[in-house]
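Take a look at the structure set out below.
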Amino acid sequence: MNKSNVLSFAAAPGDIRRIVLDYLCTNCYADTAQVFARESCPKDLDKDGDEILMTGDNGDLEQKVLHAVQMRKEIKTHLLDGRISDAIELLNAHFPDVLSPKTIAPNYSAPTLLLNLRIQNFVEEVRTIPLPSQELFRDAKTPVQTALDRQPQQPLCPADMDRKTRLLKLMNELYVLMHDLPSSHKDYDTYRDELRRVGGLLAYPVPEKSREMRQYLARERREILADQINEAIMVRTNQNIPTTVELIARHTTVIFSTLNALGYALPSSDQRPPGLDSLLSLIKPRSLETSKESKTTPEKDSQEVIPKFELEMLM
């Protein structure tokens with residue numbers, strides 16, 4: 001392969017723009033996506049040296065696309081802040097197919113999504129020590145410590161009988177939703193065990209102080225649910241998941257790891273595709289150790305072996 005063939009693999013500016021916008025929109029960065037779309041719109045220079053747009057528009061995202069991203073962001077924010085009922089209301093208003101029992105999708109079925117939401121709603125009702133608001137951390141003008149101090153740190157009244165009655169009613173409603181699933185459902189037993197464990201929160205006046213139960217009150221559960229609902233919306237609206245950049249990272253990891261395991265040597269500098277040297281500069285400290293441990297053929301002993309690509313280490 002000559003240099004011109006190697007260069008033919010270089011991504012065009014328009015491709016990179018689409019990849020970045022795809023990532024920003026998928027992950028609900030609505031404001032950033034709008035700014036990036038406008039600022040990255042292809043430009044040219046007129047005879048006076050002033051920038052002019054090469055396209056007929058100003059580079060803004062379509063209003064329909066932007067509105068959908070903003071709605072998904074609002075839903076995700078509600079879920080991350082534990083406002084499950086508000087999230088369900090927005091889902092039904094803007095993406096009704098997600099929780100519609102008429103919608104059939106193997107990985108994002110409406111009954112299981114609704115059950116996941118209702119279980120988290122029960123957890124939020126049991127919570128006695130609120131987590132810091134997710135919205136506060138997105139406010140650049142609010143220091144993290146100030147955000148924490150603004151949240152109530154004292155437990156809510158755990159001995160309130162009305163509250164206990166309401167929680168028992170919510171638990172009964174969860175069992176009704178679970179029994180609506182066919183007994184042959186692949187996750188039926190999983191949900192039955194989940195409800196039994198989550199119901200144990202009722203035994204603790206302050207469940208956050210229980211070593212066994214605090215995991216159910218962790219922020220990670222909110223984050224997992226928020227990602228699941230966001231993906232379900234993407235699927236229902238015929239959008240691609242995962243993002244292009246995530247697919248590229250996965251492919252790169254597999255390709256580099258396979259070539260490293262087979263002991264392939266790095267190509268000479270004139271045979272390397274664009275961007276490889278920049279990538280190697282990041283992973284080279286680790287690749288040198290890996291190269292010494294890798295099995296190589298006698299012909300390749302004097303050359304450096306293609307290193308593994310470990311995204312977690314780079315992050």
Side-chain angles (χ1 to χ4, degrees), residues 1-46 49 51-55 57 59-61 65 69 227 230-231 234 238-315:
M1 182 182 291
N2 57 37
K3 188 68 173 180
S4 61
N5 289 334
V6 171
L7 289 175
S8 68
F9 285 96
D15 295 331
I16 298 175
R17 182 175 186 266
R18 281 190 292 272
I19 289 173
V20 174
L21 280 174
D22 172 49
Y23 178 82
L24 293 175
C25 291
T26 298
N27 290 280
C28 307
Y29 298 116
D31 297 337
T32 304
Q34 179 70 311
V35 173
F36 178 80
R38 186 182 301 116
E39 294 298 323
S40 63
C41 189
K43 299 179 178 68
D44 203 350
L45 297 178
D46 61 17
E51 286 188 344
I52 57 174
L53 294 175
M54 296 176 63
T55 58
D57 55 33
D60 288 344
L61 293 174
V65 173
V69 175
D227 289 339
N230 186 56
E231 290 178 5
M234 299 284 289
N238 299 317
Q239 300 179 66
N240 294 326
I241 54 170
T243 63
T244 305
V245 71
E246 289 172 310
L247 288 176
I248 292 174
R250 293 179 188 181
H251 290 169
T252 303
T253 300
V254 172
I255 291 171
F256 270 62
S257 297
T258 302
L259 294 176
N260 175 270
L262 294 174
Y264 277 84
L266 281 169
S268 58
S269 58
D270 62 333
Q271 295 294 313
R272 295 178 184 178
L276 180 57
D277 286 331
S278 297
L279 182 59
L280 290 174
S281 68
L282 296 174
I283 62 179
K284 194 170 183 180
R286 289 183 55 80
S287 71
L288 290 176
E289 297 179 7
T290 305
S291 300
K292 295 177 182 179
E293 299 173 358
S294 301
K295 296 180 179 179
T296 60
T297 61
E299 294 81 4
K300 296 176 182 177
D301 281 340
S302 61
Q303 295 178 310
E304 183 180 353
V305 175
I306 292 176
K308 291 182 179 180
F309 177 80
E310 299 178 353
L311 184 62
E312 293 80 5
M313 296 299 297
L314 294 179
M315 297 297 287

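All values derive from a computational prediction rather than experimental measurement.
For the side chain to side chain contact (heavy atoms under 4.5 Å, CB included) test, residues two or more places apart in sequence or in another chain that qualify with V35 are E39. Remark: D277 pairs with R272 by the side chain to side chain donor-acceptor pair (under 3.5 Å) rule, at least two apart or across chains. When the side chain to side chain donor-acceptor pair (under 3.5 Å) test is applied to N27, no partner is found at least two apart in sequence or on another chain. T244 is linked by a side chain to side chain donor-acceptor pair (under 3.5 Å) to D22, counting only residues two or more places apart in sequence or in another chain.
A distance of 5.5 Å separates OG of S40 from CG of L21, quoted to the nearest 0.5 Å. A distance of 3.5 Å separates OG1 of T26 from CE of M234, quoted to the nearest 0.5 Å. The CZ atom of F36 sits 14.5 Å away from atom OH of Y29, with the distance rounded to the nearest 0.5 Å.
Looking at Q34, its side chain does come within 3.5 Å of a backbone N or O of L61 through a donor-acceptor pair.
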Please walk me through it: do C25 and Q239 pass side-chain contact (heavy atoms from CB on, under 4.5 Å)? CA-CA 10 Å; C25 291; Q239 300 179 66; 5.9 Å; no

Could you walk me through whether L262 and I306 pass the side-chain contact (heavy atoms from CB on, under 4.5 Å) test, one step at a time? CA-CA 9 Å; L262 294 174; I306 292 176; over 6 Å; no

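For the pair L280/L266, a side-chain contact is recorded, criterion being any heavy-atom separation below 4.5 Å from C-beta on.
Counting only N and O atoms by type, the side chains of E246 and T243 include a donor and acceptor under 3.5 Å apart.
Annotation for P242 and L247: closest pair CG-CD2, 3.6 Å, computed over non-hydrogen atoms. Listed here is the closest heavy atom pair of N230 and C28: OD1-SG, 3.4 Å.
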Distance-only donor-acceptor hits, side chain of residues 248-255, under 3.5 Å, sequence neighbours excluded:
{"from": "T252", "atom 1": "OG1", "to": "I248", "atom 2": "O", "distance (Å)": "2.7"}
{"from": "T253", "atom 1": "OG1", "to": "A249", "atom 2": "O", "distance (Å)": "2.8"}

